[in-house]
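Here is the structure we will look at, set down as structure tokens.
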Amino acid sequence: MAIISSITWKSFIHDLVINHCEKNGLRTFTLQDFISTHSETLQSFRPTNKHWQDKVRQQLQFLRNDDLLSFADNRGTYTLKNFLILKDEVEDNKIGEVLASVPEKREYLVETFARNRGWVKLALNHFGDLCLCEGCTNSFNKPDGSRYIEVHHVIPLCEGGEDALWNLSVLCAHHHRMAHFADDGTKFRLRDTLLGKIASLTL
Ligand SMILES: [Zn+2]
Ligand SMILES: [Zn+2]
């Protein structure tokens, strides 16, 4: 990484966080992992600063004040906010760029691109592979025998929702489209149902 002395700690850390999330394909990360992965880069930014770890923590706090990060818990887990599309997600499919001007479609595409990335693992581990909609039995198996399921952000990223467990859910293809493209009444009823289920499953 080229280091120009005029770069502030804050933008340096912000870039490094984005870079970190892009590499992991996941917007949630721990301070511990961030520091150990990038200790050399972090120390070489201002080599005379012996308290670089405190500096990192402080800058993450500043990024949180700017609403660019949020605390996922009290144990040093952070979530990158207000950064809609990670580099790989765009490269996955050029259609993303064409539709990116329509926020809802863009959100939907981000989820689609991310299907085989970190979010899916996180959501499947906690919510299983059956649609969370009340009484839904829509299901089919993929060629490898595993069940087809889609991961959905209950509060869309464009409305300030986060890439964290409590904002993830699993839905069948039909209910997932409903969650994005139905009339408002239907959408909000579905959202309430999901929020209730998630609260009971993530306790
Ligand atoms: Zn969705
Ligand atoms: Zn369903």
Side-chain angles (χ1 to χ4, degrees), residues 18 21-22 25-28 64 66-73 78-143 146-203:
I18 290 169
C21 292
E22 274 174 347
L26 193 65
R27 293 159 200 236
T28 300
R64 185 197 179 208
D66 290 351
D67 210 27
L68 296 171
L69 280 184
S70 67
F71 290 160
D73 59 29
Y78 296 82
T79 297
L80 180 63
K81 284 184 81 178
N82 290 314
F83 189 81
L84 286 189
I85 301 188
L86 298 176
K87 198 166 55 191
D88 287 356
E89 291 167 352
V90 175
E91 284 169 359
D92 276 351
N93 192 335
K94 294 292 176 214
I95 293 168
E97 298 188 50
V98 179
L99 294 178
S101 56
V102 184
E104 262 184 47
K105 289 230 168 79
R106 174 172 167 156
E107 297 285 332
Y108 191 62
L109 283 159
V110 170
E111 288 182 333
T112 308
F113 297 152
R115 190 164 298 151
N116 293 313
R117 300 162 67 95
W119 301 342
V120 167
K121 255 191 237 153
L122 207 66
L124 289 180
N125 282 344
H126 288 265
F127 304 127
D129 56 4
L130 277 173
C131 179
L132 289 179
C133 258
E134 208 61 59
C136 178
T137 56
N138 284 338
S139 176
F140 64 86
N141 286 344
K142 295 187 283 184
S146 66
R147 221 191 297 267
Y148 178 85
I149 192 78
E150 299 188 355
V151 172
H152 169 64
H153 289 93
V154 182
I155 311 289
L157 300 176
C158 61
E159 289 176 30
E162 293 176 22
D163 275 330
L165 186 60
W166 58 84
N167 193 35
L168 291 176
S169 58
V170 293
L171 292 173
C172 68
H174 170 75
H175 283 123
H176 194 190
R177 278 173 174 70
M178 197 165 158
H180 283 271
F181 303 118
D183 60 276
D184 281 353
T186 307
K187 271 202 278 199
F188 290 127
R189 266 195 306 280
L190 181 55
R191 194 183 282 193
D192 284 347
T193 307
L194 290 175
L195 288 173
K197 287 239 175 177
I198 289 160
S200 69
L201 289 167
T202 51
L203 278 179

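- Taken from CZ in Phe140 to CD1 in Ile149, the straight-line distance is 9.5 Å, to the nearest 0.5 Å.
- Taking the side chain as every heavy atom from C-beta outward, Leu80 and Ile18 approach each other to under 4.5 Å.
- Listed for the Asn167 side chain is no donor-acceptor partner under 3.5 Å among the backbone atoms of His153.
- For the side chain to side chain contact (heavy atoms under 4.5 Å, CB included) test with Phe127, the passing option among Leu132, Leu194, Leu171 is Leu132; the others fail.
- Side chains of His175 and His152: a donor-acceptor N/O pair is absent below 3.5 angstrom, by distance only.
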Would you check, one step at a time, whether the test side chain to side chain contact (heavy atoms under 4.5 Å, CB included) holds for Asn138 with Cys131? CA-CA 7 Å; Asn138 284 338; Cys131 179; 5.8 Å; no
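- By the 4.5 Å heavy-atom criterion applied to side chains, Cys133 and Thr193 are not counted as neighbours.
- Note that CE of Met178 is 8.5 Å distant from CG of Asp183, once rounded to the nearest 0.5 Å.
- Across Leu124, Leu130, Val170, a single residue satisfies side chain to side chain contact (heavy atoms under 4.5 Å, CB included) together with Arg147, and that is Leu130.
- Put simply, CD on Glu150 and CZ on Arg177 are 6.0 Å apart, with the number rounded to the nearest 0.5 Å.
- The CG atom of Leu69 sits 10.5 Å away from atom OG1 of Thr28, with the distance rounded to the nearest 0.5 Å.
- Note that OG1 of Thr186 and CZ of Arg191 are 12.5 Å apart. Values are rounded to the nearest 0.5 Å.
- Both tests hold for Arg64 against Phe71: distance to the six-membered ring centre under 6.0 Å, angle to the ring axis within 45°.
- Here Ser139 contributes atom OG and Tyr148 contributes atom OH; the two are 11.5 Å apart, rounded to the nearest 0.5 Å.
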